[in-house]
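Accompanying notes for the structure given below.
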Amino acid sequence: MISSSLNRCVIGTALAAFLAAAPIELAAQATTPPDLSGITSAGSYLAARHAGQERDASSAAAYYRAALKHDPKNGELLDRAFLALLVGGEIEESVKYAERIVAADKGDRVAQLVLGVHALKHKQYAAARRNLALSIRGPITDLTATLLSAWSMYGAGDTKGAIATIDKLTGPDWYAIFKDLHAGMIYDLAGNSKEAGKRFEHAYKLDSTALRVVQAYGSWLSRNSPAKEALGIFEAFDKVLPRHPLVVEAMNQLKAGEKLPVLASSAQVGAAEALYGLGASLGRRGGEDLGLVYLQLSLYVVPSHPLALLSLADLYESLKKPALAIKVYERVPVNSPLHRNAAIQMASNLDALERAEEGEKHLAALIKEHPDDLEAITALGNILRGHKKFAECADVYSKGVATLANPEKPNWVMFYFRGICYERSKQWPKAQADLQKALELFPEQPHVLNYLGYSWIDQGANLDEGMAMIKRAVQQRPDDGYIVDSLGWAYYRLGNYEEAVKQLERAIELKPEDPTINDHLGDAYWRVERVLEARFQWAHARDLKPDPEDLPKIEAKLKDGLPDETSSQAKAGKKSGDGG
C-alpha cells in the first residue's frame with residue numbers, strides 16, 4: 001500500500017533529533033514511578049538520557065520533567081519531555097507541553113499535530129484545522145493533516161469542503177487508496193451513498209486485500225446492493241487471508257440477513273481511523289517510532305479501537321517488549337471479534353517473559369472453551385515445542401489435526417510441527433508420515449524438504465533422495481543459514497568432509513552466532529585435519545551458550561578431539577559419495 005520511501009519520512013526535526021539521540025524503548029513501565037527525591041538537574045538529565053538509551057519512555061518522561069523543574073526555560077528539556085510523553089501514550093499530559101512549545105515556536109510540527117488531534121477529539125474543529133495546517137511538511141504529514149482536516153470539516157458540518165480538501169491533495173501514488181477510503185467514509189456517513197460507492201469501489205480496485213477497504217466497501221454494498229455482492233467481497237478476501245475474525249463476523253451477519261454499519265460513525269472515529277491506518281503501515285515497514293506516535297494518537301481519540309490496539313501491541317512485540325504488549329492486549333474490548341486473537345497473543349508474550357506455565361494455562365483455558373480453536377491449539381503447541389516438551393506438543397498438535405476434516409495447503413504447518421515433535425520424541429514412523437503429509441499439502445516447501453531430507457540422511461536411509469531434498473531447499477532459501485547448515489552437515493554425515501567444510505563455512509557467514517553451526521564446522525575442520533581451527537570453532541560454540549545437552553559433548557571434543565571414524569561412517573561415505 002505504501003512505498004518504502006515512506007519509511008524515511010519524519011514528522012519534524014525535533015522528533016527526528018530526539019529519536020536519534022535518545023531512542024525510546026517501549027519497556028514495561030514500572031508499577032511505581034522512579035524516586036526523584038533529592039536528584040539534581042544534571043542527575044535528572046543524565047537519568048533521562050539513560051532511560052532513553054534503554055528505551056524506557058515512562059522513566060525518561062519522569063526524569064525530563066524533573067529536570068525541567070530545575071530549569072523550566074530549557075527548550076531542549078521541554079521538547080524531550082513532550083516527546084517522551086507522546087511516545088509513552090500520555091497524550092493529555094503531552095498536550096500541556098505542546099502548548100508551551102508552540103508558544104515559543106509555532107513552527108513545531110509535532111506539537112501542532114498533537115494540538116490538532118486534541119482539538120479534533122474535543123470537537124473544536126476550527127482550532128483543529130489551524131493546528132493541523134501548521135503541522136504540514138513532507139509526504140506523511142501532508143496526508144495526515146489533510147485527512148484529519150477533512151474529518152474536522154465534516155464534524156463542523158461541511159461535507160463538501162471535507163471532500164474538496166481530500167481531492168485537492170497531490171502527492172505519491174500511495175496517497176490514492178487513503179484518499180478514496182476516507183472520502184468514501186465521509187460520503188457514507190453523510191448519507192451520499194452513490195458517491196461513497198464510487199470511492200469505495202475505486203479503493204477496492206487499487207487493493208482488494210486491504211482489510212479496511214474490504215470492510216468499508218463490503219458494508220456499503222450490504223446497505224445498497226444485494227447481499228450476495230457484499231458477501232462476495234468478503235469471501236474473496238477470505239480466500240487470501242482465511243478466517244480473519246472481522247471478516248468472519250461480517251460474513252455471518254450477511255448470511256443472517258443483517259446490514260453492516262458504516263466503518264466510521266463520527267468525525268472522531270474517522271480521524272482515529274486515519275491515524276491507525278498510517279501508524280499500522282509505518283510500524284510494519286520499519287518506521288516503529290513514528291508508527292508508535294500515530295497509534296498512540298489514534299487510541300487517544302478512540303481508546304477502544306481494536307485494530308489500533310492490536311497494531312500497537314504487535315509493534316511492542318517487534319521491539320521485544322512483551323510486558324507492554326500484554327498491557328495493550330488487555331485493553332481489547334471483550335465484545336470485539338479480535339479479543340480471542342489478543343488472548344492468544346498474550347500467552348505468547350507470557351512465554352517471552354519466562355512465564356510459560358502461565359501462558360500454557362491461559363491457552364488451555366481458551367481451548368477448553370473452544371476445542372476447535374486451531375489458532376489457540378497451534379499457539380500452545382508452539383510454546384511446548386519451544387520448551388522441548390516434544391511428547392506433549394505432539395499431543396496438542398494432534399488436537400489441531402483432529403479439527404481438519406479436509407486438510408488444505410495452509411494446514412501443512414500443523415503436520416510439519418507435529419512431525420518435528422514426533423521426531424524429537426523418538427517416534428520416527430509417525431514423524432515421517434507427518435512430514436510427507438506436509439509435503440503432499442505443500443509440495444517443495446523448503447523447511448519440510450530440509451527436515452525430512454536431513455532426517456533420512458542422519459538415519460542412513462534414502463540417502464540420495466534425502467540429499468536431493470536438502471539441495472532443493474537450499475536452492476529456494478540460499479541465504480538461510482540453518483538450511484545451508486543442514487546441507488553441510490549432510491555432506492559431513494556422508495563422509496564428504498571437504499564439501500561439508502565449504503557449506504558449513506557459508507552457513508557460518510549467514511548465522512555466525514549459532515552454537516550448533518559453529519560446532520558442526522568444528523567437527524568438519526577436525527576431519528580435514530584443521531585441528532586448531534576445529535578447536536577454535538568448538539570453543540566459540542561453547543561460549544555461545546549451546547543447549548545443556550550439547551555442552552558436555554562440546555567440552556569433551558575440546559579436551560580430546562573427535563574419535564577416529566567408524567567403519568560404518570566410512571562405508572556410508574563411500575556408498576553415497578557427494579549425495580548427488
Please determine, by modelled atom types, if [X] and [Y] share a side-chain donor-acceptor pair under 3.5 angstrom.
X: R331; Y: S304; value: no
X: Y497; Y: E529; value: no
X: W428; Y: Q459; value: yes

Exercise. Are the charged groups of E440 and K437 less than 4.0 angstrom apart, N to O?
Worked result: yes
Exercise. Under a 4.0 Å N-O cut-off, is there an ion pair linking D519 with R542?
Worked result: no
When the ring planes of [X] and [Y] are compared, do they come out parallel, tilted or perpendicular, using 30° and 60° as the limits?
X: F536; Y: H540; value: parallel
X: H305; Y: Y276; value: tilted
X: H520; Y: W489; value: parallel

Exercise. Is the NZ or CZ atom of K321 positioned over Y316's six-membered ring, under 6.0 angstrom from the centre and within 45° of the axis?
Worked result: no
Exercise. Is the NZ or CZ atom of R385 both under 6.0 Å from the centre of the six-membered ring of F417 and within 45° of that ring's axis?
Worked result: yes
Donor-acceptor pair, distance only, cut-off 3.5 Å: does the side chain of [X] make one with the backbone of [Y]?
X: Y422; Y: F390; answer: no
X: N462; Y: E465; answer: no
X: S318; Y: L315; answer: yes
X: Y294; Y: L275; answer: no
X: R418; Y: A394; answer: no

Are [X] and [Y] side-chain neighbours, meaning at least one heavy-atom pair lies under 4.5 Å?
X: L211; Y: L307; value: yes
X: F415; Y: L404; value: yes
X: P333; Y: L309; value: yes
X: I377; Y: E375; value: no
X: I383; Y: L350; value: no
X: R530; Y: V501; value: yes

Exercise. When you look at R212 and L246, which way does the side-chain contact (heavy atoms from CB on, under 4.5 Å) test go after all the steps?
Worked result: CA-CA 10 Å; R212 292 313 245 181; L246 295 177; 4.2 Å; yes
For this session: Show your working on side-chain hydrogen bond (donor to acceptor under 3.5 Å, both in side chains) between E423 and Y451 and close with a plain yes or no.
Result: CA-CA 10 Å; E423 187 271 331; Y451 204 99; 2.5 Å; yes
Inspect the surroundings of [atom1] in [X] and state if more than 12 heavy atoms from other residues, nucleotides or ligands are less than 6.0 Å away.
X: Q436; atom1: CD; value: yes
X: E549; atom1: CD; value: yes
X: K388; atom1: NZ; value: yes

Problem set entry | side-chain contact (heavy atoms from CB on, under 4.5 Å) assessment of I344 paired with L366 | CA-CA 8 Å; I344 292 171; L366 289 175; 3.9 Å; yes
For this session: Applying side-chain contact (heavy atoms from CB on, under 4.5 Å), run through Y397 and E392 and close with a yes or a no.
Result: CA-CA 9 Å; Y397 288 132; E392 293 177 53; over 6 Å; no
For this session: Assess whether salt bridge (Lys or Arg N to Asp or Glu O under 4.0 Å) is satisfied between R506 and D479, documenting all intermediate values.
Result: CA-CA 9 Å; R506 174 160 155 62; D479 296 326; 3.6 Å; yes
Problem set entry | Closest contact, heavy atoms only, G481 versus K511 | CA-CG, 3.8 Å
Problem set entry | Reported CG-to-NE2 distance for the pair L452 and H447, which is rounded to 0.5 angstrom | 14.5 Å
For this session: Dump the intermediate steps for side-chain contact (heavy atoms from CB on, under 4.5 Å) on N450 and V474, then the final yes or no.
Result: CA-CA 8 Å; N450 176 59; V474 172; over 6 Å; no
